[in-house]
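Inspection log for the structure reproduced underneath, given as structure tokens.
Numbers here simply count residues along the sequence, with the first being 1. Fair warning: this is a prediction, and the values are worked out from it, not measured in the lab.
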Amino acid sequence: MSARALFERCNDGALFKRLAQRYCSVLFQDPSDGERRSWENSLPALAEVLCDAGLDDVEVLIEHQLPLTSLRADVVLAGSHPTTGRPSYVIVELKQWSEARLVPGADNLCLVKGMGNRPALHPVTQVRRYCDYLQDFTNLLSDQEDAVTGVAYLHNAADQGVSELFRLSDARAQLFTDTSRGQLIQYLQTCLSALDGCPEGDSLLTSPQAPGRQLMRAAAAEIIDGGQFLLMDEQEVAARLVKRAANLSRQSNQKQVIVITGGPGSGKSIIALHLMGHLFRNGRSAFHATGSKSFTTTLRHVVGTKNDRIPKLFRYFFDFTDAEQNGLDVLICDEAHRIRQRSARQDTYAGHRSDRRQVEELIDAARVPVFLLDEHQVVRPGEMGSRKTIDEAAHARGCIVRHVDLNSQFRCGGSRAYENWVLRLLGLESGGPIQWQTEENFELLVAESPQEMESYLRARQESGYTSRMTAGFCWPWSDPRSDGDLVDDVVIGTWRRPWNLRGEQPLGGAPVSSLWATDPSGFGQIGCIYTAQGFEYAWNGVIFGPDLVWRRNGWRAVRAESKDHTVKKAAPDAFDRLIRNTYKVLLTRGLVGTVLYSTDPETRAMLASLVPTGIRPVSE
């Protein structure tokens, strides 16, 4: 809508009702009272500024979703530049703050009056990153360096109440208050002309969106050169807390443990790699550790292409059994849901086994232990990494524990609707399965056969999108033949395909196990939970095997159909949960879309009833 229309509709209340309805349809929950107050107080203040600036016809995009993430900019102003006539966009972050000051030692974090001691990201940093992100992932803006600027407008504040916050303003993003309202008007007049901004608004909304830089391909540049990963909102808060804790760790006798939780694609591993790069470049001793062979091996492979020293920084949880207490500055425990009860391997001599639990060893190893986890990704018996487990171990050792919940979603096109749909589908959240509603940023399809799934995904792969097929562990997994050919173990009717390689030697044109998700030649082999977990690709095909089938009105986990001998040993309740978690992980690997297929007719019919869109020709 135009700024004039916004001004008029703010007075009748209908706008806020429509915003609440839209919020509920997208996020599956009602907006909080705080969200409603923000709209009711902040949008009229902005509308008045725009009209006073003579920008009545500028297009106003409210709660604009950033590409491939569920993060929303409060407002994006669209129009033409008054000098060049080229498209021009201003992202506006609206705050109701009246007073705020910087967190000592962390110029990107604020303490806000009325919000307790919970740090908030500096609004200039927030809006600057929104500008960079919008420009990085919107094709329309990719070659226009000065097309996007940002404004943080604290309309309830006077300059003196937020004086410390002005230090970060620059040409890219600026801070204004009620005191400097006149300057805000002048600034907007330098960015936007008085002409109709509807064409520029439409162009932004319809511009193709490029998927974000894949984690593995950017790892080496991030760790050695820095600056490759753009941290957003709570991601930046998490990183700043870790950096601050690392700076304070040598002067304090009390350790800080940072626990970062978030769902698939929320940026946990991006934070980990960003921190590794920062710490490495600033002379801090740090290690990155996981419980995943595929993930660690892939990271070692990628970062080792530039510097053969760096792979040594990527370790496993069991490597810290004999580590010197507080010998490291920081230990980053990625995929911490895979922490086990004990570190010792089965072949470890009993007299050499540690009496400590693995979580205790990891906490003891560094001045600042950092744990990144998603409890819904526990997929094997014995994995017990959870926020509660870490908290209890840390408190028992007298540590301060700080939590960050990553409320953003970068995988699955940034679709929280899809993440919610998966959790409801699998019974990992209450309420039961729900009908899939079409999303602009993410596509969900159901295939009638594995041949149809593969044909569709191959076309996507050939058109430039990374595509992979995965399945539940319901078929045997054979060693390659003597001539190097892979065995077609996954058999569904006349359709046959091999699992990905298990080893670290490429054979038969297939990549090694740890590179299946990132090497282009990985298409054509079927990935399982152990090769897919921790990775992402644009298009994701998931085959529900006979280990999880739908019967009448609920799921049934079938132990006899599982070929995962470790998982089959779990108790009945644990087995059911592990199988559901396995499919939850497989279903949330895609950036752009997912195709579903089940070997079971009843399950396939249930999925088709929830997802009415079937496979269409790629040209449509």
Side-chain angles (χ1 to χ4, degrees), residues 1-11 15 18-19 22 38-39 42-67 71-95 123-124 126-155 169-177 180-209 440:
M1 72 180 74
S2 68
R4 184 188 307 106
L6 173 64
F7 180 81
E8 293 170 352
R9 293 179 186 179
C10 281
N11 294 325
L15 170 66
R18 289 207 311 276
L19 285 173
R22 175 62 177 163
S38 177
W39 295 332
S42 297
L43 289 176
L46 176 63
E48 290 180 7
V49 165
L50 293 172
C51 291
D52 288 350
L55 301 176
D56 303 57
D57 292 322
V58 163
E59 192 72 3
V60 182
L61 307 177
I62 302 171
E63 297 288 349
H64 181 71
Q65 184 177 0
L66 299 180
L71 293 173
R72 295 165 291 133
D74 288 342
V75 171
V76 176
L77 305 177
S80 58
H81 194 277
T83 302
T84 66
R86 297 173 63 182
S88 181
Y89 302 91
V90 180
I91 299 179
V92 183
E93 183 64 23
L94 297 165
K95 300 291 187 187
V124 169
Q126 182 180 3
V127 76
R128 183 187 295 122
R129 289 172 188 275
Y130 283 3
C131 291
D132 292 341
Y133 193 87
L134 184 67
Q135 194 147 15
D136 283 345
F137 297 104
T138 305
N139 289 1
L140 171 73
L141 305 173
S142 59
D143 297 324
Q144 302 183 42
E145 292 185 7
D146 301 323
V148 185
T149 54
V151 165
Y153 183 30
L154 281 58
H155 54 86
S169 291
D170 59 18
R172 181 70 157 174
Q174 298 195 27
L175 177 71
F176 298 94
T177 69
S180 50
R181 184 177 182 276
Q183 294 170 264
L184 171 60
I185 289 173
Q186 294 174 3
Y187 177 75
L188 292 175
Q189 290 170 335
T190 67
C191 300
L192 297 161
S193 74
L195 299 176
D196 182 6
C198 187
E200 288 78 14
D202 290 343
S203 295
L204 180 65
L205 293 173
T206 58
S207 173
Q209 299 173 352
E440 293 181 5

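Annotation: side chain of Leu50 is in contact with side chain of Leu77 (closest heavy-atom distance under 4.5 Å). Contact annotation: the side chain of Leu140 never approaches that of Pro87 to less than 4.5 Å [non-hydrogen atoms, C-beta and beyond]. Counting heavy atoms from C-beta outward, Val58 and Leu188 have side chains that stay 4.5 Å or more apart. Side-chain contact check for Leu19 versus Leu43: some heavy-atom pair is nearer than 4.5 Å. Under the 4.5 Å side-chain criterion, counting only non-hydrogen atoms from C-beta, Leu141 is in contact with Tyr89. In this structure, the side chains of Val49 and His155 stay at 4.5 Å or more apart for every pair of heavy atoms.
Counting only residues at least two apart or in different chains, salt bridge (charged side-chain N to carboxylate O under 4.0 Å, His left out) contacts with residues 50-67 comprise Arg4-Asp57, Asp52-Arg181, Glu63-Arg72. Every pair passing salt bridge (charged side-chain N to carboxylate O under 4.0 Å, His left out) that includes a residue from residues 83-94 is listed here, sequence neighbours excluded: Glu93-Lys95.
Annotation: the span from Tyr133 atom OH to Leu66 atom CG amounts to 7.0 Å, rounded to 0.5 Å. Taken from CG in Leu134 to NE2 in His64, the straight-line distance is 5.5 Å, to the nearest 0.5 Å. In this structure, His81 NE2 and Ser193 OG are separated by 9.5 Å, a value rounded to the nearest 0.5 Å. Atom CG in Leu6 sits 10.0 Å away from atom CD in Glu48 (nearest 0.5 Å). How far CG of Leu71 is from OH of Tyr130: 5.0 Å, rounded to the nearest 0.5 Å.
Side-chain atoms of Arg172 do not come within 3.5 Å of backbone N or O of Val127 as any donor-acceptor pair. Remark: the backbone N or O of Phe176 is not paired with any side-chain donor or acceptor of Ser180 at under 3.5 angstrom. Side-chain atoms of Ser88 never come within 3.5 Å of backbone atoms of Leu192 as a donor-acceptor pair (strictly under, hydrogens ignored).
What you find for Cys51 and Phe7 is that their closest heavy atoms are SG-CB, 3.9 Å.
Just one of Val151, Leu46, Leu175 meets the side-chain contact (heavy atoms from CB on, under 4.5 Å) condition when paired with Leu184; it is Val151.
Between the side chains of Tyr187 and Gln183, no donor-acceptor pair of N or O atoms lies under 3.5 Å.
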Which pairs would a plain distance check flag for residues 194-205, meaning a side-chain donor or acceptor within less than 3.5 Å of a matching protein atom at least two apart in sequence or in another chain?
from, atom 1, to, atom 2, distance (Å)
Asp196, OD1, Cys198, N, 3.0
Ser203, OG, Pro199, O, 3.0

